[in-house]
Novice: 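Sharing a structure, written as structure tokens. Questions coming.
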Amino acid sequence: MFQKPPKKSVGITLKTPAEIDKMRVAGRLAADVLDMIGPYVQEGVTTEELDRICHDYMVNVQQVIPAPLNYRGFPKSICTSVNHVICHGIPGPKMLKKGDIINIDITVIKDGYHGDTSRMFAVGTPPIAAQRVSRIAYECLCIGIGVVQPGRRLGDIGYAIQKHAESQHCSVVREYCGHGIGREFHEDPQVLHYGKPGDGLELVPGLTFTIEPMINAGKRHVKLLPDGWTVVTKDHSPSAQWEHTLLVTETGCEILTLPPGRTL
Ligand code: MF3
Ligand code: CO
Ligand code: CO
């Protein structure tokens with residue numbers, strides 16, 4: 001998620017079958033939190049109430065560690081990014097209102113392994129521009145996932161996402177990206193959501209990483225708020241993001257954060 005490399009570079013780790021089993025469990029648990037919280041996303045709820053409900057569910061019911069809490073000083077257990085907030089929104093006392101769109105980003109640690117996933121939710125019926133960017137961001141994620149198979153390269157993923165977003169007159173945020181994931185929250189490689197076909201790392205079985213395109217209805221430029229976390233669109237246009245954790249398999253990919261029986 002961060003463009004700058006982590007202080008501790010963990011490199012690219014290919015997961016063993018035993019590690020993959022643990023990644024499946026972590027991915028499923030992260031998805032379960034999003035399923036659980038969906039019905040609470042309503043007019044009048046505050047984002048810190050959503051944080052509290054998720055925190056308690058993760059810690060008490062799932063017995064997982066909420067990875068964001070104290071991660072590089074992040075103060076809460078989930079990220080809540082409303083309307084023109086692109087990512088890393090900090091849950092707080094502000095109430096959701098009719099017409100809001102919100103990204104909820106969940107990362108759990110179970111048995112030493114991370115699962116990372118986010119979705120958009122709507123309160124009532126948002127303005128068309130907000131609905132549209134939410135849908136296009138989802139399409140970008142699906143298109144990116146569709147590229148993942150051994151022999152393809154990271155640049156192929158970025159290119160496919162960028163092409164779709166820009167063809168729909170939306171823009172791709174450049175400053176934040178997907179990432180390798182496993183024992184560490186953010187491992188190598190960085191997974192850019194823009195790029196050129198044929199560029200970058202070749203995908204191989206056992207690689208686990210996220211795709212999490214941040215798509216703006218307006219221009220791509222970002223601004224970091226003084227809290228040091230909240231990233232907003234410079235032009236205040238609505239922004240949307242969806243995220244899955246993926247495993248490259250021999251024939252394609254497995255979506256570790258897709259609930260069983262659910263399709264994309
Ligand atoms: N979950 C985010 C990602 O997809 C990272 C959040 S870092 C936090 O990479 F500290 F803001 F929680
Ligand atoms: Co992520
Ligand atoms: Co995330």
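Along the sequence shown, the residues carry numbers beginning at 1. Atoms within each ligand, like the ligands themselves, are counted from 1 in listed order.
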Novice: Is there a polar contact between ligand 1 and E212, counting only N or O atoms under 3.5 Å apart?
Specialist: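 So ligand 1 has an N or O lying under 3.5 Å from an N or O of E212.
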Novice: More than 12 heavy atoms of other residues, nucleotides or ligands under 6.0 Å from CZ of R52: yes or no?
Specialist: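 At most 12 heavy atoms, drawn from other residues, nucleotides or ligands, come within 6.0 Å of this atom.
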Novice: Among Y71, F74, Y176, which residue satisfies the ring-ring contact (aromatic ring centres under 6.0 Å, His included) criterion with W229?
Specialist: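 Result for ring-ring contact (aromatic ring centres under 6.0 Å, His included) with W229: F74.
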Novice: Given a cutoff of under 4.5 Å between side-chain heavy atoms of I, L, V, M, F, W and Y, with clusters grown through shared members, what are the other residues clustered with Y40?
Specialist: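 So far as hydrophobic clustering goes, Y40 is joined with V25, L29, V33, L34, M36, I37, V41, V45, L50, I53, Y57, M58, V61, V64, I78, V82, L96, I102, I104, I106, V108, F121, V123.
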Novice: With a 4.0 Å cut-off, would you call R262 and D35 a salt bridge?
Specialist: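 Yes, R262 and D35 are salt-bridged.
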Novice: Is the closest heavy-atom distance from K76 to ligand 1 below 4.0 Å?
Specialist: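 It does not; every heavy atom stays at 4.0 Å or beyond.
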Novice: Number the atoms of ligand 1 from 1 as they appear, then name those within less than 4.0 Å of a heavy atom of P68, with their elements.
Specialist: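 Numbered from 1, ligand 1 contributes 12 (F).
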Novice: Is K219 paired with D235 through a side-chain N to carboxylate O contact shorter than 4.0 Å?
Specialist: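 Salt bridge: no.
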Novice: Between R220 and M214, does a side chain to side chain contact (heavy atoms under 4.5 Å, CB included) hold up when you go through it step by step?
Specialist: CA-CA 9 Å; R220 68 174 178 84; M214 285 143 277; over 6 Å; no
Novice: Answer yes or no for T210: is there a heavy-atom contact with ligand 1 below 4.0 Å?
Specialist: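 It does not, in that no heavy atom of T210 comes within the 4.0 Å cut-off of ligand 1.
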Novice: Just to be sure I'm reading this right: ignoring hydrogens, which of D116, T117, T245 gets closest to atom 3 (C) of ligand 1? Compare them by their nearest heavy atoms.
Specialist: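 Looking at heavy atoms only, D116 sits closest to atom 3 (C) of ligand 1.
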Novice: Measuring from non-hydrogen atoms of R72 to any atom of ligand 1, is the shortest distance under 4.0 Å?
Specialist: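 Per 4.0 Å heavy-atom rule, R72 does not contact ligand 1.
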Novice: Would you mind running through ligand 1 and noting each atom that sits below 4.0 Å from a heavy atom of H186?
Specialist: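 What qualifies from ligand 1 is 3 (C), 5 (C), 9 (O).
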Novice: Can you confirm, on distance only, whether ligand 1 has an N/O atom lying under 3.5 Å from any N/O atom belonging to H88?
Specialist: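 In this structure, H88 places no N or O atom under 3.5 Å from an N or O of ligand 1.
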Novice: Is any NZ, NE, NH1 or NH2 atom of the basic residue among E139 and R135 found under 4.0 Å from an Asp or Glu carboxylate oxygen of the other?
Specialist: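 Result for this pair is yes, salt bridge flagged.
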Novice: With respect to Y71, determine whether any N or O atom, backbone or side chain, lies less than 3.5 Å from an N or O atom of ligand 1.
Specialist: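 No, no N or O pair falls under 3.5 Å.
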Novice: How many angstroms lie between CG in L246 and OG1 in T208, if you round to the nearest 0.5 Å?
Specialist: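 Interatomic distance, L246 CG to T208 OG1, rounded to 0.5 Å: 9.5 Å.
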Novice: Taking the Co ion (ligand 2) as the vertex, what is the angle from OE2 of E212 to OD2 of D116, given to 10 degrees?
Specialist: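 Approximately 160° at the metal, rounded to tens of degrees.
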Novice: Answer side chain, backbone, both or neither: which part of C79 comes under 4.0 Å from ligand 1, heavy atoms only.
Specialist: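 The part of C79 near ligand 1 is the side chain, not the backbone.
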Novice: Is Y176 close enough to touch ligand 1? Criterion: a residue heavy atom under 4.0 Å from a ligand atom.
Specialist: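 Y176 does not count as a contact of ligand 1 under the 4.0 Å cut-off.
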Novice: Enumerate the atoms of ligand 1 whose separation from the nearest heavy atom of T107 is less than 4.0 angstrom.
Specialist: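 Once the distances to T107 are compared, the set is 1 (N).
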Novice: Below 2.8 Å, can you find an N, O or S atom of E243 next to the Co ion (ligand 2)?
Specialist: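 Yes - counting backbone and side chain alike, E243 has an N, O or S atom under 2.8 Å.
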Novice: Taking 2.8 Å as the cut-off, does an N/O/S atom of H179 lie below it from the Co ion (ligand 2)?
Specialist: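 Yes, within the cut-off.
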Novice: Return the set of residues passing side-chain hydrogen bond (donor to acceptor under 3.5 Å, both in side chains) with Q131 (not counting sequence neighbours), or none when no residue passes.
Specialist: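 Testing Q131 for side-chain hydrogen bond (donor to acceptor under 3.5 Å, both in side chains), a comparison that skips the adjacent residues, returns none.
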Novice: Backbone N or O of A18 within a donor-acceptor pair of the D21 side chain at under 3.5 Å?
Specialist: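 It does not hold such a pair.
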